[in-house]
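Throughout, protein chains are lettered first and strands after them, A, B, ... in sequence-line order, and every chain is numbered starting at 1.
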Amino acid sequence: MIEANLKVYRYDPQTAQEPHYDTYEVKELPDFATVLDALIKVREDIDGTLAMRCSCRSAVCGSCAFRVNGHAKLGCKTKVSTLAPDGEEICVEPMGNMKVIKDLVTEMDIFWDKLKQVKPWIETVGEPPEREYQVPAAKMVELQQPMNCIMCGACVSDCTVLEEDSKFLAPAALAKAYRVVGDPRHGKTKEWLTDLSEEGGIWDCTRCLECVEVCPKDVAPMDQIIKLREQAIEEGLTDNIGAKHVLHFTESVAHTGVLDERMLPIKAAGWGWAVKNAGIAIKATLKGKIKPLLPGSHPSVTEVQDVRRIHEELEEGKRK
Amino acid sequence: MRVAYFPGCVAKGNCPELNQATQKIAPLLGIELVELTGAPCTGAGVLQAQNPVLADTYNAKTLALAEELDLPLMTICSTCIGCLRKSNQKLSEDEGYRAEVNAVLKSGGHEYHGGVDVTHILYVLIKELGLDNLRGMVKKPLTDLRIAPFYGCYILRPASIMGIDDPDNPTSMERVIEALGGTPVDYYGKTRCCGFPIGLENEEASFKMAGKHIGEAKDKGADCMVTPCPLCHMNLDLQQPGVSQVVGRQLDMPVLHLPQMVGLALGLSPKELGFSKHIISAQGVLAKVGA
């Protein structure tokens, strides 16, 4: 048998009390106990006022996502013995980026609203086939990854961009968007990608990998966002800073093997960006941090010819 | 030890002081840097959105160059190590994919067989040099200096690719700071994103991210921050005046590159370590360590 020492976030809007933490010593848990098992024991044996969501206890329903020691996890998939082998305190808090209803229960509206925004359904175009729609097996295997989402909200909880910008569609909805847009049966790919390329869409992801790390089902939302970006570029949706950032980055590396960080922002975001940032650029140049933009001031790798050959071969191959 | 050295674009571009400091500390640590002068950019997770196979092929070329030297590949950038390890995992585990990439690579006289060890100077200090050895080399301990580590995303996540430090509760930077005599400052934002990658697309969110972490480090009493990632350094130092404006708070937080912090403790001068290139002056920090 093991023990769990829990420090649990408590908040009840119906009382005047500010949010605070309560600690619980949970004894006589089986060796394989999860954080959820410990919380259930708190609710049943120690403090019946503790509010939380849970259902299947098997990492299927997605109800019991909490922040455990600062990171979103399914309570039922997180073992006490792994997290606290020597009885260390385990801190359990509600998910981030969501309004707290009570204790560990959060409003999921932000999750569902964003999911609705990406239109998570397939729309076919043209006459339906005589028999069923067919999708290559390899494509379905690839789409299985975003399909594995159990909508627990862990990725939305820990999304670093959403924390600062409520317009961002966030990882779960964008992963679902790829599940639709990546499906060969979907006939309105460009229309969907046009919407997804707007402010708050695919180009606002900072690629911090938090969503990849916290997802309990290996959906790897960030990887799905990168695939949406690739599709948007292939569809010619390149009249935005995000796509220009990628295209000029690739062009710069193909030219010398080394990214020219001085020119990239100007090419991607325009001369307006350069004017706005002139002050800091001049200061950094005077300090010898940034090299002046003079001809020949950008270095090349010694095998630049081979870099150019690889680029030509693979970009040409992709166009075919 | 000898390593195949991959400085990356930023350490030779907008953060030249990082490459400079690394070149200065390496001989003192007994690390011989064999620079991969022919190796291209890793794609930084940006190029991957246009042509992921192209990014993997560039990285296969870099990995092949290290393999030809029979040396581990050492980066000084969180983003570089993340991208190289991701490509390395795919290329080393998937024979069919490796053959596809090698078919392109071979025309340039290279072939990658898989399995090169891709590391970062942070992990070289801990795993190869050893913290006891590092401690023994300290000439000017960073006593009285409260240092807030800022990891950067790719050096920790995802664990399935990195697998060196615990992404939820990393300790590498703290252990190096302690070995150098400094006091690590703990704060939530140390493993979060600096915001740099969306600086062009969504500057306000980008700067708010940086400002929040710098502000938190300041509130916890940090004299300075230290990062193993030059991209983080750009948002935390180069852009700090703009960040301060966006968050409405004068931050004035010096941000050191990891090799600069090591160099100070090894007794190198601020000039040798390129401190004059910083946007936010580190004078206060330098005075505290008597540099």
Colleague: Just checking, any donor-acceptor pair under 3.5 angstrom between side chains of B:Gln50 and A:Glu315?
Modeller: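 On atom types as modelled, these side chains qualify, holding a pair under 3.5 Å.
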
Colleague: Test ring-ring contact (aromatic ring centres under 6.0 Å, His included) on A:His255 and A:His311; report intermediate values, then the result.
Modeller: CA-CA 9 Å; A:His255 188 56; A:His311 171 263; over 10 Å; no

Colleague: Heavy-atom distance under 4.5 Å to chain B: side chain of A:His71, backbone, both or neither?
Modeller: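 The answer is the side chain of A:His71.
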
Colleague: Does atom CD (A:Glu199) have a neighbourhood of more than 12 heavy atoms from anything else shown, all under 6.0 Å?
Modeller: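 For A:Glu199, atom CD is not crowded (no more than 12 foreign heavy atoms under 6.0 Å).
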
Colleague: Check each atom of A:Ile310 against the heavy atoms of chain B and say whether the ones under 4.5 Å are side chain, backbone, both or neither.
Modeller: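 For A:Ile310, heavy atoms of backbone and side chain both lie under 4.5 Å from chain B.
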
Colleague: Heavy-atom distances under 4.5 Å only: say whether A:Cys159 touches chain B with side chain, backbone, both or neither.
Modeller: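 Looking at A:Cys159, just its backbone touches chain B.
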
Colleague: With rounding to the nearest 0.5 Å, note down the distance linking CG in B:Leu286 to OG in B:Ser281.
Modeller: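 If we round to the nearest 0.5 Å, B:Leu286:CG and B:Ser281:OG are 7.0 Å apart.
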
Colleague: Taking side chain as everything from C-beta outward and backbone as N, CA, C, O, which of these in A:Glu313 sits under 4.5 Å from a heavy atom of chain B? Side chain, backbone, both or neither.
Modeller: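 Only the side chain of A:Glu313 comes within 4.5 Å of chain B.
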
Colleague: Under 4.5 Å from any heavy atom of chain B, what part of A:Asn277 do you find: side chain, backbone, both or neither?
Modeller: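 Just its side chain gets close to chain B.
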
Colleague: Tabulate, in ascending numerical order, the residues of residues 12-20 of chain B having at least one heavy atom closer than 4.5 Å to a heavy atom of chain A, or enter 'none'.
Modeller: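 Residues in range: B:Lys12, B:Gly13, B:Asn14, B:Cys15, B:Pro16, B:Glu17.
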
Colleague: Any chance NZ of A:Lys167 has more than 12 other-residue heavy atoms, nucleotides or ligands included, within less than 6.0 Å?
Modeller: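 Check fails, neighbour count at 12 or below.
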
Colleague: Please determine, among B:Cys153, B:Ala49, B:Gly199, the option with the most heavy-atom pairs under 4.5 Å with chain A.
Modeller: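 Of the candidates given, the most pairs with chain A belong to B:Ala49.
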
Colleague: So what's closer than 4.5 Å to chain B heavy atoms on A:Ala284: side chain, backbone, both or neither?
Modeller: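 Both the backbone and the side chain of A:Ala284 come within 4.5 Å of chain B.
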
Colleague: Specify the closest pair of heavy atoms between A:Gly75 and A:Thr34, including all atoms of both residues, with the distance to one decimal.
Modeller: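 Scanning both residues, the minimum pair turns out to be O-CB, 3.3 Å.
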
Colleague: Is chain B contacted by the side chain of A:Leu247, its backbone, both, or neither, given a heavy-atom distance below 4.5 Å?
Modeller: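 For A:Leu247, the contact with chain B is made by backbone and side chain together.
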
Colleague: Checking heavy atoms, do the side chain of A:Val258, its backbone, both or neither come under 4.5 Å from chain B?
Modeller: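 Both parts, backbone and side chain.
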
Colleague: Got a donor-acceptor contact below 3.5 angstrom from the B:Asn235 side chain to the B:Cys194 backbone?
Modeller: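 Flag set: sc B:Asn235 to bb B:Cys194 pair under 3.5 Å.
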
Colleague: Which atoms of B:Asp237 are under 4.5 Å from chain A, going by heavy atoms: the side chain, the backbone, both sets, or neither?
Modeller: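 For B:Asp237, the contact with chain A is made by the side chain alone.
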
Colleague: We want to know whether B:Glu68 and B:Tyr112 form a side-chain donor-acceptor pair, criterion being a heavy-atom distance below 3.5 angstrom.
Modeller: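 No, no side-chain donor-acceptor contact under 3.5 Å.
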
Colleague: So what's closer than 4.5 Å to chain A heavy atoms on B:Leu65: side chain, backbone, both or neither?
Modeller: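 For B:Leu65, side-chain heavy atoms alone lie under 4.5 Å from chain A.
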
Colleague: Look at B:Ser107, B:Ala159, B:Gly109, B:Gly195 and state which one has the largest set of heavy-atom pairs under 4.5 Å with chain A.
Modeller: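 Heavy-atom pair counts peak at B:Ser107.
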
Colleague: Measure A:Arg207 against the heavy atoms of chain B and call it side chain, backbone, both or neither at under 4.5 Å.
Modeller: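 Contact with chain B: backbone and side chain both.
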
Colleague: For B:Cys193, does its backbone N or O pair with a side-chain atom of A:Thr160 as donor and acceptor, under 3.5 Å?
Modeller: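 Looks like no, no N/O pair under 3.5 Å.
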
Colleague: Would you please say whether a donor-acceptor pair under 3.5 Å links the side chains of A:Asp165 and B:Asn202?
Modeller: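 Distance-only check passes for A:Asp165 and B:Asn202.
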
Colleague: When you measure from the side chain of A:Lys73 to the backbone of A:Phe66, do you find a donor-acceptor pair of N or O atoms at a distance under 3.5 Å?
Modeller: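 Checked: no pair found.
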
Colleague: For A:Tyr21, does the six-membered ring have the charged nitrogen or CZ of A:Lys7 within the cation-pi criterion, i.e. under 6.0 angstrom from the centroid and within 45° of the normal?
Modeller: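 Because its charged atom sits under 6.0 Å from the ring centre and within 45° of the axis, A:Lys7 does stack over A:Tyr21.
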
Colleague: So does A:Ile202 get a backbone contact from the side chain of A:Arg229, meaning a donor-acceptor N/O pair under 3.5 Å?
Modeller: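 Present.
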
Colleague: Could you look at B:Glu204 and say if it's the side chain, the backbone, both or neither that has a heavy atom under 4.5 Å from chain A?
Modeller: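 No part of B:Glu204 comes within 4.5 Å of chain A.
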
Colleague: Sort A:Ala254 into side chain, backbone, both or neither according to what part of it lies under 4.5 angstrom from a heavy atom of chain B.
Modeller: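 It is both, since atoms from each part get that close.
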
